[in-house]
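First comes the structure, then the notes that go with it.
Order of appearance sets the numbers: ligands from 1, and atoms from 1 within every ligand.
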Amino acid sequence: MSYMDLHLHLDGAITPEIARRLADVQGIKLPDSDEELRKQLMVPDDCESLNDFLMCFALPLSLLQTREGLSEAVRLLGDKLLAEGLEYAEFRYAPQLHTEKGMTQEDAVLAALDGLKKTGLHANLILCCMRGEGNEAANFETLELARKFLTADGGVVAIDLAGAEALFPTKKYRELFERASEYKIPFTIHAGEADGPDSIRAAIEFGAVRIGHGVRAFEDMEVVELLRDKGITLELCPTSNRMTRAFTDISNYPIRRFMEAGVKVTLNTDDPGIEGITLADEYALMREAVGLTKEEEELLQENARNAAFCSKNKAYNTKR
Ligand code: HPA
Ligand code: ZN
């Protein structure tokens, strides 16, 4: 068994335990009661949509506003995943969301790179641009930072587009991804999660080599065929999809349907801290919900190796 998590948000990976450590090193006060901390940090049962879900990031983000906090978060998360048996992970985060206490976006990149050096896990960074209003310059700054720090392994390896997909459609971000293509920066885009197949179509048109979620592709078979023909890999995250209501009927989760259609899929956590899950839980969930077989699990892991934004020899020859 070789586990890789290709879709994991740093802010969404902050567990109550990691939150306490980050609060301690920065002298930040958190609720004394663990129950209250969990309530503030984790997705509630009545979460209705991606927009609701994204509200849960306020607390973890408040702990990631200094170089020390960000570096320590990367280190702690890497060490935790190593202990859980992962052999590789890609941590994604949006540098522009870490500038509330005076860090620049570049500081936020340097801090995360520092944390990467301190963990034993083989891991890389994906810099997220954000959907939203009035942050175009911030997104282009993120893109320039990705260009500056891009490396084949051991650092920044790609960019992404995250945030409220239904409110800010993918097609609005053409210029950003045309520039990324010009710079030869690989990218994945969150699409087909809160918005439908047109969002995936736009991401494919821009040149995304992977799609974050893409779970709604079956609403348009042409999009499924495009994914197959272009060999694009989907980063599926079933628990997250259930929580955001992107796909609620887990017993009909289309993971096998994608495989049968010849689309490459991988299994990932999205936001393990605020969802209260591990990657092993996602595999267990798919075994239980759709009867995922051993062979299918191996195929998912093979797909992850091939789609990882790290040098290919490293993907097959990890630190462990
Ligand atoms: N979609 C969009 N933005 C996000 C997500 C997601 O699933 N998780 C964290 N930021
Ligand atoms: Zn995500």
Taking 4.0 angstrom as the limit, do [X] and [Y] come out as a salt bridge?
{"X": "Arg305", "Y": "Glu87", "answer": "yes"}
{"X": "Glu205", "Y": "Lys171", "answer": "no"}
{"X": "Glu219", "Y": "Arg216", "answer": "yes"}
{"X": "Arg210", "Y": "Glu90", "answer": "yes"}
{"X": "Lys118", "Y": "Asp114", "answer": "yes"}

Item checked: Polar contact flag for His213 and ligand 1 (N/O pairs, less than 3.5 Å) ->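 Between His213 and ligand 1, an N or O pair is found under 3.5 Å apart.
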
Check: Is His7 in polar range of ligand 1, meaning some N or O pair under 3.5 Å apart?
Finding: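 Between His7 and ligand 1 (N or O atoms, distance only) the closest approach is not under 3.5 Å.
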
Check: When you look at Asp271 and Thr269, which way does the side-chain hydrogen bond (donor to acceptor under 3.5 Å, both in side chains) test go after all the steps?
Finding: CA-CA 6 Å; Asp271 299 292; Thr269 56; over 6 Å; no

Next item on the list: Run through the protein N/O/S atoms less than 2.8 Å from the Zn ion (ligand 2) and write them out by chain and number.
Entry: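 His7 NE2, His9 NE2, His190 NE2, Asp270 OD1, with waters left out.
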
Notebook entry, point to check: Can Arg131 be said to touch ligand 1, with heavy atoms closer than 4.0 Å?
Noted result: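 It does not, in that no heavy atom of Arg131 comes within the 4.0 Å cut-off of ligand 1.
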
Atom indices of ligand 1 within 4.0 angstrom of [X] heavy atoms, with elements:
{"X": "Gly163", "value": "2 (C), 3 (N)"}
{"X": "Leu54", "value": "3 (N), 4 (C), 10 (N)"}
{"X": "Asp271", "value": "8 (N), 9 (C)"}

Check: Taking it one step at a time, do Tyr88 and Asp5 satisfy side-chain hydrogen bond (donor to acceptor under 3.5 Å, both in side chains)?
Finding: CA-CA 7 Å; Tyr88 175 70; Asp5 199 337; over 6 Å; no

Check: Are the side chain of Thr266 and the backbone N or O of Gln301 linked by a donor-acceptor pair below 3.5 Å?
Finding: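 Looks like no, no N/O pair under 3.5 Å.
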
Notebook entry, point to check: Under 3.5 Å, side chain of Gln65 to main-chain N/O of Leu61, donor-acceptor pair present?
Noted result: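 Such a contact is found between Gln65 side chain and Leu61 backbone.
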
Item checked: Glu193, portion touching ligand 1 at heavy-atom distance under 4.0 Å ->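 The answer is the side chain.
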
Check: Where on Thr244 is there a heavy atom closer than 4.0 Å to ligand 1, on the side chain, on the backbone, on both, or on neither?
Finding: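 It is neither; nothing of Thr244 touches ligand 1.
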
Item checked: Identity and separation of the nearest protein heavy atom to atom 10 (N) of ligand 1 ->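 That would be His9 CE1, 3.4 Å.
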
Next item on the list: On the 0 to 90° scale, with breaks at 30° and 60°, tag the His190-His213 ring pair as parallel, tilted or perpendicular.
Entry: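 It falls in the tilted class, 30° to 60°.
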
